[in-house]
Amino acid sequence: MKNRLCRLLRTGLLLSLVLSSHETLFAAPAYANAAAELANIATAPEEVEQFAQKMIKNLSSQDPFRDWAGARLYTQPLGPGTHSWMVIVEGTSPASGGYLIIGAAPHGGYALIEYGLGSDPLFSEKSREQMLSSLRSQGQSGSFEVEMRYAGPVLAEWKAVPKTVGRPSKYFDAVSGELLPESDASWARQLNNPLSLTSPKFVNSSHKLIQPDKTVITSRAFNTYENLTWMIQKPLQLKTGAITAMLKQKKRLVYASRGGDRTYSISLPVNGFQRWAGDDTIMDCTYILSKSGSLSRWIALPALEQMGEFYETDGS
């Protein structure tokens, strides 16, 4: 057990479950199945594990996922009520590691919501440390229980629950670790309109023969705030095929979240897409590529369409 924890520490896969404003009081491998041994965290259903293995096998047949072949996987549930799991892929180096996020479909089976590659995935040690630094800078005292919350690709947050009775929870971005204007009440309101996984355009565990094509890169990495012209544009009213057609023309697009119950908005650069295709009985599935820092995310297009809109911006 000790050797197992040491290896997880070296690969940066340990996340603190109980934090202090001054130090980490207790650490448990939040991305590993060993978490069940230390923190009584439930493991994922066997079908989730099997689906994850299948997705890893399919993706590892091509760049940039080849290091995922035969990789060790660690599965962690993403908060109560969301019926989703994060599967961490331990690569041969931090940069070659990554993750999958899988959700339970309402009528059975499981859907691939997103997958990513890079040394700083969602809920990384780096973002956790940024969260801890923020708590310290605010003069927070006492300890916190830290939980992962995921209700969609643009609603991924850390929740810091104070041990002291009567103090409010704080929410932080799962990528940057920055403090968010979120509360228990606003989070609960957003869960009243959850991400729907009913669309056949999600890669699903019922798809037996579906395979990913090579990722099509359509734009260099860029910061969505370098050029703010997209903010004064009307959102694009496009069908799935039209969006990929625009991207093939090297149109530079920005995605922005929206929703009446949201307390903040997130914008993502659009840098390409990956198509998954099978036989004539399976509808093609498109995953949008978004690059930010060391992280590359491939996000299911129907998930993005439910939670926001696409905008065209100048530049290429």
Locate the shortest heavy-atom distance separating [X] from [Y]; write the atom from each residue and the value.
X    : Y    : result
L191 : A151 : CD2-CB, 3.8 Å
A174 : S127 : O-OG, 3.2 Å
L247 : G272 : CD1-O, 4.2 Å
S199 : P302 : OG-CB, 4.0 Å
A111 : F202 : CB-CB, 3.9 Å
V154 : S257 : CG2-CB, 3.8 Å

Can you tell me if [X] and [Y] form a side-chain donor-acceptor pair at under 3.5 Å?
X    : Y    : result
Q190 : E182 : yes
T224 : W230 : no
Q76  : Y74  : no
Q62  : Q274 : yes
Y110 : E47  : no
Y171 : D184 : yes
E49  : Q53  : no

Side-chain heavy-atom pair [X], [Y] within 4.5 angstrom cut-off:
X    : Y    : result
S196 : Q306 : yes
V254 : P269 : no
L78  : W85  : no
L100 : I56  : yes
V146 : M131 : yes
L197 : N204 : no
T218 : T244 : no
R262 : M307 : yes

Exercise. Answer yes or no for R220 and F222: cation-pi contact, defined as NZ/CZ to six-membered ring centre under 6.0 Å and angle to ring axis within 45°.
Key: no
Quiz item: Should the ring pair Y287 and Y115 be called parallel, tilted or perpendicular, given that the plane angle runs from 0 to 90° and is split at 30 and 60?
Solution: tilted
Reported [atom1]-to-[atom2] distance for the pair [X] and [Y], which is rounded to 0.5 angstrom:
X    : Y    : atom1 : atom2 : result
S96  : F65  : OG    : CZ    : 11.5 Å
R297 : L117 : CZ    : CG    : 13.0 Å
Q211 : D213 : CD    : CG    : 9.5 Å
C285 : W276 : SG    : CH2   : 9.0 Å
T75  : I102 : OG1   : CD1   : 7.5 Å
L301 : I288 : CG    : CD1   : 5.0 Å

Quiz item: Any chance CD of E226 has more than 12 other-residue heavy atoms, nucleotides or ligands included, within less than 6.0 Å?
Solution: yes
Quiz item: Got a sec: does the NZ of K126 have more than 12 other heavy atoms crowding it under 6.0 Å?
Solution: no
[X] side-chain N/O to [Y] backbone N/O, donor-acceptor pair under 3.5 Å:
X    : Y    : result
Y255 : L304 : yes
S183 : S186 : yes
S133 : Q130 : no
E178 : F172 : no

Self-check item: Close aromatic pair by centroid cut-off 6.0 Å: Y150 and W158
Solution: no
Self-check item: side chain to side chain contact (heavy atoms under 4.5 Å, CB included) partner of M231, chosen from T229, L228, N227
Solution: L228
Quiz item: Passes side-chain contact (heavy atoms from CB on, under 4.5 Å), V48 versus E46? Steps please.
Solution: CA-CA 5 Å; V48 171; E46 183 178 359; over 6 Å; no
Exercise. Give the C-alpha distance, both sets of side-chain angles, the deciding distance and a yes or no for side-chain contact (heavy atoms from CB on, under 4.5 Å) between Y99 and L122.
Key: CA-CA 8 Å; Y99 70 93; L122 298 181; 3.9 Å; yes
Self-check item: E157/R149 under salt bridge (Lys or Arg N to Asp or Glu O under 4.0 Å): CA gap, chis, key distance, verdict
Solution: CA-CA 5 Å; E157 304 175 5; R149 289 289 184 266; over 6 Å; no
Exercise. Begin with the C-alpha distance, continue with both residues' side-chain angles, and end with the deciding distance and a verdict on salt bridge (Lys or Arg N to Asp or Glu O under 4.0 Å) for E312 and R252.
Key: CA-CA 6 Å; E312 188 173 0; R252 194 162 79 165; over 6 Å; no
Quiz item: side-chain contact (heavy atoms from CB on, under 4.5 Å) between L236 and I243: does it pass, once the steps are laid out?
Solution: CA-CA 9 Å; L236 297 172; I243 290 178; over 6 Å; no
Quiz prompt | Check against salt bridge (Lys or Arg N to Asp or Glu O under 4.0 Å), K201 and D284 | solution = CA-CA 6 Å; K201 296 180 182 178; D284 288 355; over 6 Å; no
Exercise. Decide yes or no on side-chain contact (heavy atoms from CB on, under 4.5 Å) for L73 and E90, but give the supporting numbers first.
Key: CA-CA 6 Å; L73 308 181; E90 184 181 357; over 6 Å; no
